[in-house]
> 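Below you will find the structure I want to go over with you.
In this chain, numbering begins with 1 at the start of the sequence shown.
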Amino acid sequence: MTPNRTFLFVPGNHPRKLEKVFDSGADAIIIDLEDAVAIAEKPATRQVAVDALKKPHAPRGYIRVNALDTPFCFQDLHSIVGPWLDGIVLPKVESVTDYLTVDWVLSNLEREAGLEIGSIDLMPIIETAKGLAAAREIAASKSRIKRLSFGAGDYTRDLNLVWTFAEDEIAAARSELVLASRIAEIEPPIDTVFIHIKEQEHFAASARKGR
């Protein structure tokens, strides 16, 4: 399988953006049900995301569900699993138990849908101090895990840090995820998003650091 070089998030509650995003050139599209979607809109957005993925598209199709400790996660999973889905992005994973719980639910949903168990990618986002402390155990869980990903926005908020353009404050976390991935012999981690969409020079610098 060709590796994913680029992931592009798109809010799941914006049908017009969903129509255009699959022509962006990204290797994988992540339709967001979490941060980008208001609480009142979350239930309806599940079907919008599924409908978008049912249409023919070249990039792989992922959906970011809500975190396990929210009242939305289980229904998110139940609503989106099907042959149209390549992967699920799971935010705020803080322990191997978090990851394996969702893995177990997903396996049962795959079975019900007539899919091969383990066929849907499940990518955890490490974005808190607890998550970073558990990263090596999560990476070595011997489940369907292929790679870790990093979320610097929530990570810096959790530690009350200022996320600067220099990004020195996230260097240790980036390094730890690389080490955790190498020790577990899984794929290299996916770096954090870059939120300042008009700062092209800083974006390029951030990408170089991540690499």
> Report the C-alpha distance between D154 and K92 in whole Å, list the side-chain angles of each, state the deciding distance to 0.1 Å, and finish with yes or no for salt bridge (charged side-chain N to carboxylate O under 4.0 Å, His left out).
CA-CA 8 Å; D154 281 312; K92 298 180 179 65; 3.2 Å; yes

> Tell me whether T6 contacts the main-chain N or O of D27 through its side chain, where contact means a donor paired with an acceptor under 3.5 Å.
yes

> Give the intermediate values and the outcome of salt bridge (charged side-chain N to carboxylate O under 4.0 Å, His left out) for residues R64 and E34.
CA-CA 7 Å; R64 178 166 70 173; E34 193 211 12; 3.3 Å; yes

> What's the verdict on side chain to side chain contact (heavy atoms under 4.5 Å, CB included) for L77 and V102, showing C-alpha distance, side-chain angles and the deciding distance?
CA-CA 9 Å; L77 296 168; V102 175; 3.9 Å; yes

> Yes or no on salt bridge (charged side-chain N to carboxylate O under 4.0 Å, His left out) for R147 and D121, after CA distance, side-chain angles and deciding distance?
CA-CA 9 Å; R147 73 196 74 78; D121 189 12; 2.6 Å; yes

> Scan residues 76-135 for pairs that pass ring pair (Phe, Tyr, Trp, His ring centres under 6.0 Å), counting only residues two or more places apart or in two chains.
none

> Between I88 and Y62, what is the shortest heavy-atom contact and its length?
N-CD2, 3.9 Å

> Hey, mind stepping through I138 and V93 against side chain to side chain contact (heavy atoms under 4.5 Å, CB included) and telling me if it holds?
CA-CA 9 Å; I138 296 167; V93 176; 3.7 Å; yes

> Closest heavy-atom contact between L148 and A135?
CD1-O, 4.1 Å

> Kindly say whether V65 contributes a backbone atom to a donor-acceptor pair with the side chain of D76 at under 3.5 angstrom?
no

> What verdict does the side chain to side chain contact (heavy atoms under 4.5 Å, CB included) test give for I30 and L8, after you've listed the backbone C-alpha separation in whole Å, the side-chain angles of each residue and the deciding distance to 0.1 Å?
CA-CA 6 Å; I30 303 174; L8 181 61; over 6 Å; no

> Are any of the side-chain heavy atoms of L18 and V48 separated by less than 4.5 Å?
yes

> Roughly how far apart are H14 NE2 and E19 CD, rounded to 0.5 Å?
13.0 Å

> Do L122 and L90 come within less than 4.5 Å of each other through their side chains, counting heavy atoms only?
yes

> Indicate, with yes or no, if L179 and Y155 share a hydrophobic cluster defined by side-chain heavy-atom contacts under 4.5 Å among Ile, Leu, Val, Met, Phe, Trp and Tyr.
no

> Measure from the side-chain N and O atoms of T192 to the backbone N and O of A152, and report whether any donor-acceptor pair falls under 3.5 Å.
yes

> Describe, in one word, how the ring planes of F203 and F194 are oriented to each other, choosing from parallel (under 30°), tilted (30 to 60°) and perpendicular (over 60°).
tilted

> Hey, could you give me the CD1/OG distance between I117 and S107, rounded to the nearest 0.5 Å?
5.5 Å

> List the atom of G131, the atom of T128, and the distance in Å for their closest heavy-atom pair.
N-OG1, 3.0 Å

> Say whether V105 and F72 are linked into one hydrophobic cluster, either directly or through other cluster members, by side-chain heavy-atom distances under 4.5 angstrom.
no

> Are the side chains of P188 and S181 in touch, meaning some heavy atoms are under 4.5 Å apart?
no

> Can W163 and I195 be said to form a side chain to side chain contact (heavy atoms under 4.5 Å, CB included), step by step?
CA-CA 10 Å; W163 186 4; I195 60 175; 4.0 Å; yes

> With rounding to the nearest 0.5 Å, note down the distance linking CZ in R46 to CG in N13.
13.0 Å

> So if I apply the side chain to side chain contact (heavy atoms under 4.5 Å, CB included) rule between F7 and each of I29, V89, I190, which one comes out positive?
I190

> For T45, which of V37, I63, I31 qualifies under side chain to side chain contact (heavy atoms under 4.5 Å, CB included)?
V37

> Below 30° counts as parallel, above 60° as perpendicular, anything between as tilted: where do the rings of H57 and F22 land?
tilted

> Do you know which two heavy atoms are closest between R136 and A180, and how far apart they sit?
CG-CB, 3.7 Å

> Using a 3.5 Å distance criterion without hydrogens, assess whether the side chain of S143 forms a donor-acceptor pair with backbone atoms of L100.
no

> Which distance, rounded to the nearest 0.5 Å, do you find between the OG of S206 and the NE2 of H196?
9.5 Å

> For the backbone of L33 and the side chain of K42, can you confirm whether one donor and one acceptor N or O come within less than 3.5 Å of each other?
yes

> Please report the interatomic distance CG(D98) to CG(D103), rounded to the nearest 0.5 Å.
12.5 Å

> Run the side-chain contact (heavy atoms from CB on, under 4.5 Å) test against A36 and tell me which residues pass, sequence neighbours left out.
P11, D32

> Are L159 and L177 co-members of a hydrophobic cluster defined by side-chain heavy atoms under 4.5 Å apart?
yes

> Look at atom CD of E199 and say whether more than 12 heavy atoms of other residues, nucleotides or ligands are closer to it than 6.0 Å.
yes

> Using salt bridge (charged side-chain N to carboxylate O under 4.0 Å, His left out), reason through R144 and E110 one step at a time and then give a plain yes or no.
CA-CA 13 Å; R144 74 177 71 211; E110 287 170 329; 2.8 Å; yes

> Could you tell me the separation between the OG atom of S119 and the CG atom of L106, rounded to the nearest 0.5 Å?
8.0 Å

> Is atom NZ of K209 surrounded by more than 12 heavy atoms (other residues, nucleotides or ligands) closer than 6.0 Å?
yes

> Considering all heavy atoms of both residues, which atom of S141 and which atom of V96 are nearest to each other, and what is their separation?
CB-CG2, 3.6 Å

> State whether a side-chain donor-acceptor pair under 3.5 Å links N108 with E112.
no

> Quick one: does any side-chain atom of S79 pair with a main-chain N or O of Q75 as donor and acceptor, under 3.5 Å?
yes

> So do the side chains of E167 and R174 get within less than 4.5 Å of each other, counting heavy atoms only?
yes

> Taking the side chain from S175 and the backbone from A171, do they hold a donor-acceptor pair closer than 3.5 Å?
yes

> Indicate yes or no: at least one non-hydrogen side-chain atom of P83 is less than 4.5 angstrom from one of L115.
yes

> Decide yes or no for I170 and F150: does some side-chain heavy atom of the first lie under 4.5 Å from some side-chain heavy atom of the second?
yes

> So which heavy atom on E169 is nearest to which on L161, and how close?
O-CD1, 4.0 Å

